[in-house]
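One structure is given below, encoded as structure tokens.
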Amino acid sequence: MLQGPSLRQAPSLRPLTTAHLAQTMSLLELTSVELHQKIESELARNPALELSDKKRCPTCKQLISNNRPCQRCSSPNSISPDEPIIFISPREDFYIPSSLSSDELPEDNFTPDIEDLPTYVMKQIAPDLDHEDAIIAAHLLTNLDDDGLLQTTIIEVAQFHHIPPSKVEKILSQIQRSEPLGVGSPNPKEALLVQLEVLNESMSTPPLADKAISQGLELLSKHQYPELGRMLGISTRRVQEIANFISENLNPYPARGAWGGIRQAPQKNTDVYTNPDVIIKLLTDSPNSPLVVEIVSPFAGLLQVSSIFRSSINQAPPDKADQWKSDLGRAELLVKCIQQRTNTIVRLMKRIVIQQREFIIHGDRHLKPVTRASLAFALDVHESTISRAVSSKTVQLPTGHIVPLSKFFDRSLHIRAALKQIILKETKPLSDNEIAKILKKQGYAVARRTVAKYRAMEGILPSHLRQMQSTTEVT
DNA sequence: CTATGGCACGGATT
DNA sequence: AATCCGTGCCATAG
């Protein structure tokens with residue numbers, strides 16, 4: 001043992017702190033779903049961990065220790081318009097398997113109540129169907145999951161009704177083309193393809209986007225853009241554009257945008273388009289109302305070290321003593337690190353939400369370019385901390401769109417939004433050079449080459465191909 | 001000749 | 001240290 005100069009801490013504490021740091025870091029990178037999984041597996045393995053039985057306020061889901069309503073809900077006067085309301089939502093109810101959820105799922109008063117999905121869709125297509133078709137449609141619609149994806153197969157339905165699969169297919173494609181677009185698709189991939197196809201009728205879509213989805217969805221969701229680029233024979237940047245377009249305009253889980261639900265069990269979790277980690281809403285319809293920021297943090301406040309386990313640590317059988325001890329340490333560490341993770345995210349989000357209020361409410365054009373580094377400075381944390389916290393997390397905006405948190409750090413988003421407007425308002429197709437000039441007038445000094453890049457990123461065709469296409473409607 | 005896309009370089013960002 | 005992004009230069013298409 002070295003006699004180190006520092007006597008401030010017991011030697012055994014040393015590795016604990018570094019482990020602590022390391023784990024905090026790695027936890028920070030996890031999305032809420034990933035964290036949820038980790039906690040669950042840890043709960044199953046580690047007897048020192050348990051979930052407390054604290055109740056949560058039925059309206060705001062904050063933890064409450066007794067039967068009093070939580071302060072936040074009982075004193076709504078304390079909110080000032082500029083201060084965002086931030087709270088941490090365990091949301092564990094959404095992860096409960098369907099057997100329990102059907103009747104125990106509490107009202108979700110963060111999303112507007114709408115009629116249930118099957119009837120909503122049925123109303124749209126009913127006029128086009130005869131009686132027999134309607135029965136099939138109903139059959140299909142009752143087999144949707146909460147994401148709006150089909151849980152049965154075409155063959156199965158066809159056999160059930162003794163009709164050719166092609167007929168079922170036809171009806172299904174009608175369903176897929178109604179709102180929410182892509183509903184009834186058997187998988188996210190097909191949902192995306194349908195959406196892309198329909199969208200293509202009204203606006204320009206990036207070339208090869210269909211191939212990227214049909215052949216490279218795996219790579220796409222893993223962000224392996226260079227890889228995918230090679231596969232399709234296009235540049236990485238192109239792939240990036242496609243990916244942007246998809247996350248902007250398409251939704252692999254058709255019902256989720258309108259519905260905003262969080263479910264989804266062990267599927268692939270490295271996906272941008274899955275459950276949000278943060279949900280931002282307006283408290284009221286007024287654009288001046290404060291923002292409500294819900295930070296999804298699985299089991300927040302519920303996970304704790306079992307006090308029974310802790311107090312009986314001394315009575316451990318000799319052969320198990322080490323094991324117990326390490327379990328206890330592990331549990332304490334995990335709880336602490338999760339707290340820290342949550343704390344970091346809360347501070348981060350608070351700052352972002354205040355800074356980017358305009359953007360959140362009024363859209364892309366109002367995003368203030370802020371680098372992670374400057375935010376790190378403001379929050380007095382290391383840059384890498386911000387990077388980790390931002391990477392791979394997603395936010396649901398008041399519009400219902402789920403976007404990557406990194407969108408808040410897009411340096412050129414506001415310019416691209418301005419560009420989109422210019423194109424939208426143009427009467428004759430403007431060349432990149434002309435667009436660059438207009439942008440310059442608006443205060444965005446960008447090179448003509450850059451305009452071309454932005455244009456491509458937004459999936460806008462070059463001027464000579466833009467000619468006749470917007471004859472549909474202009475108001 | 002003009003408009004655009006590819007490639008590559010250098011500086012900023014992570 | 002690795003990656004991203006804006007730009008300039010050049011080739012190609014119309």
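Just so it is clear: chains get the letters A, B, ... in the order the sequence lines come, proteins before strands, and each one is counted from 1.
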Check your understanding: Considering heavy-atom distances to DNA chain B, does Asn433(A) or Thr371(A) have its closest nucleotide positioned more toward the 5' end?
Key -> Asn433(A)
Check your understanding: What residues in residues 341-353 of chain A put a non-hydrogen atom under 4.0 Å from any atom of DNA chain B?
Key -> none
Give the table of side-chain donor-acceptor pairs shorter than 3.5 Å for residues 368-380 of chain A, with sequence neighbours excluded, one pair per line with atom names and distance.
unit_1	atom_1	unit_2	atom_2	d
Lys368(A)	NZ	Gln355(A)	O	3.0
Thr371(A)	OG1	Ser374(A)	N	3.1
Thr371(A)	OG1	Ser374(A)	OG	3.4
Ser374(A)	OG	Thr371(A)	O	2.9

Run the salt bridge (charged side-chain N to carboxylate O under 4.0 Å, His left out) test against [X] and tell me which residues pass, sequence neighbours left out.
{"X": "Glu383(A)", "result": "none"}
{"X": "Asp327(A)", "result": "none"}
{"X": "Glu169(A)", "result": "none"}
{"X": "Glu332(A)", "result": "Arg310(A)"}

Point to revise | Where protein sits on nucleotides 3-14 of chain C, one letter per nucleotide: B base, S sugar-phosphate only, - none, heavy atoms under 4.0 Å | key: --SBBBB-----
Check your understanding: What residues form a ring pair (Phe, Tyr, Trp, His ring centres under 6.0 Å) with His362(A), not counting sequence neighbours?
Key -> His366(A)
Check your understanding: Is a side-chain donor or acceptor of Ser306(A) paired with a backbone partner of Phe309(A) at a separation under 3.5 angstrom?
Key -> yes
Exercise for review: On DNA chain B, reading 5' to 3', which nucleotide is the first and which the last to sit with an atom under 4.0 Å from a heavy atom of chain A, could you check?
Suggested key: dA3(B) to dT14(B)
Exercise for review: Could you name each residue pair satisfying side chain to side chain donor-acceptor pair (under 3.5 Å) that touches residues 437-449 of chain A, not counting sequence neighbours?
Suggested key: none
Study note, to complete from the structure: Taken in chain and number order and not counting sequence neighbours, the residues that satisfy side-chain contact (heavy atoms from CB on, under 4.5 Å) with Arg330(A) are Glu42(A), Arg45(A), Asn46(A)
Revision key, fill the gap. By side-chain contact (heavy atoms from CB on, under 4.5 Å), Asn187(A) pairs with (sequence neighbours left out) Lys189(A), Glu190(A)
